[in-house]
There are 2 protein chains.
Amino acid sequence: MSNKRDEIIATTCRLMEMQGYHATGLNQILEESGAPKGSLYYYFPEGKEALAIEAIEHTSRLIAANLRAGMAAHDHPADAITDFLQTLAHYVQTSGFQAGGPITAIALEAASTNEALNAACRDAYQDWQAIVEAKLNEGGYTAVRARRLASLVIAVIEGAIILSRTQRNVAPLLDAATEIGVLLRC
Amino acid sequence: MSNKRDEIIATTCRLMEMQGYHATGLNQILEESGAPKGSLYYYFPEGKEALAIEAIEHTSRLIAANLRAGMAAHDHPADAITDFLQTLAHYVQTSGFQAGGPITAIALEAASTNEALNAACRDAYQDWQAIVEAKLNEGGYTAVRARRLASLVIAVIEGAIILSRTQRNVAPLLDAATEIGVLLRC
DNA sequence: GTCTATAATACGATAGAC
DNA sequence: GTCTATCGTATTATAGAC
């Protein structure tokens, strides 16, 4: 696995996280990664869409690892999820509200127009949800409630990131952390 | 206020709701609205960005009206918000999972790249949140909790729409409706 | 006022030198 | 393998006929 190839993927992740799929041009990816245009089509002969899919998968694995670590850090799911949201708030703030919604922009742009990108996003969300759901099952919730709550947690993560980035303020993420903690102790 | 001008705005709303800002071309807007290119720049001499801002404001007012009607439809905030999310689920489903996140895509694309669009999205979210917050205050929650919960409700609406559209399944919206109802009765 | 034709530019993708 | 130059086609925006 080449080093420059990884750098192209990393740059694609970063730019599409900030701007989305269509707003991110291949030229910009090449400029910021330092790679020339020939290299891009050598490594990704199938073009922009294939590159975006690899970027989504890379980001998905990264978030999944963070989620797993976060869930393992506390016994009670409420503590784990609250802590995860607070850590996310810190991350969004230190990025200057540029990072945080790794695949959300692509998910929305492509939800009804691009089948391949949609599938990649769908897989990512389901992986994340399964991690949270497993933690809730361990925590003693009923199976049906664990599934519902896991879905809600992923929705809250995505939605609160959008609000925080739009408002340039981490309050939505911190508020969500607090209230989801309350809900999980009901 | 011209009729054709309104039609251009309505088409812009619809297309950007599905595809986002950058993926929606002016040519496509003109094709689908039936207006010629000359008309667009007659009505919107400041170009695409100004058109998008008017589209955001139009959508924002529409959602605000729906939210107000939804909040007034039940005495208890929990019932009102649960009902609103279920109605939203129905709307997303009947649109074939194409509609629902009216300004979310633009909010993400422009969060860190376009100040004017970002401001328009920020205003929309704050208007919606104020409507929910007022209902929660009436419902007897403390001021600080009403603010936190209103923020969470808007985040859940946005996040659950994203998941439902990506998965082509209204379960995330319906799950959110159920669990937010539980939380609001804590 | 309404429209067509077109300019200027950026895009994704490719061809071919080395 | 790595790169440069370039193609064809989108894009936004404008100029000018009627």
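Just so we're on the same page: letters track the sequence lines, and every chain starts at 1.
- Legend: side-chain hydrogen bond (donor to acceptor under 3.5 Å, both in side chains) pairs involving residues 169-180 of chain A, not counting sequence neighbours, sorted by first then second residue: A:D175-B:R147, A:E179-B:R145, A:E179-B:R148.
- Between A:N3 atom CG and D:dT2 atom P there is a gap of 11 Å when expressed in whole angstrom units.
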Within the 4.0 Å limit for protein heavy atoms, which parts of nucleotides 6-12 of chain D are touched? Write it as a string from 5' to 3', B for base, S for sugar-phosphate only, - for none. -----BB
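- A:E46 has its CD atom 17 Å from the P atom of C:dG12, to the nearest Å.
- Using a 4.0 Å cut-off on heavy atoms, none of the residues of residues 110-121 of chain B approach DNA chain C.
- Residue pairs meeting the salt bridge (charged side-chain N to carboxylate O under 4.0 Å, His left out) criterion with at least one member in residues 14-27 of chain B, sequence neighbours excluded, are B:R14-B:E32.
- Within the 4.0 Å cut-off from OP1 or OP2 of D:dC3, at least one side-chain nitrogen or oxygen of A:S39 is found.
- Nearer to the 5' terminus of DNA chain C, by closest-nucleotide assignment, is the contact made by B:A35 (compared with the other of B:A35 and A:G38).
- With rounding to whole Å, A:Y42 atom OH is found 15 Å from C:dC18 atom C1'.
- Per the geometry, CG belonging to B:L30 stands 12 Å off C1' belonging to D:dA13, to the nearest Å.
- Side-chain contact check for B:T113 and A:Q19: no donor-acceptor pair (N or O, by modelled atom type) lies under 3.5 Å.
- Counting only residues at least two apart or on different chains, the side-chain hydrogen bond (donor to acceptor under 3.5 Å, both in side chains) pairs with a member in residues 150-162 of chain B are B:T104-B:E158, B:Y125-B:E158.
- Distance A:E31 CD to C:dC11 P: 9 Å, rounded to the nearest Å.
- Within the structure, ring pair (Phe, Tyr, Trp, His ring centres under 6.0 Å) pairs that include any residue of residues 134-184 of chain A do not occur (at least two apart or interchain).
- Under 4.0 Å is where a charged nitrogen must lie from a carboxylate oxygen, and between A:R68 and A:D127 no such pair does.
- If B:P36 and A:E49 are placed on DNA chain C by their nearest nucleotide, the residue sitting closer to the 5' end is B:P36.
- Counting non-hydrogen atoms of other residues, nucleotides and ligands closer than 6.0 Å to NE2 of B:H90 gives a total of 12 or fewer.
- For A:H74, the NE2 atom is densely surrounded, since the number of other residues' heavy atoms within 6.0 Å is greater than 12.
- Residue A:L40 contributes atom CG, which lies 15 Å from atom C1' of D:dG1 at whole-angstrom precision.
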Does the pair B:I157 and B:F84 meet the rule for a side-chain contact (heavy atoms from CB on, under 4.5 Å), with working shown? CA-CA 9 Å; B:I157 289 173; B:F84 183 82; 3.8 Å; yes
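- Side-chain N/O atoms of A:Y43 include one lying less than 4.0 angstrom from OP1 or OP2 on D:dT2.
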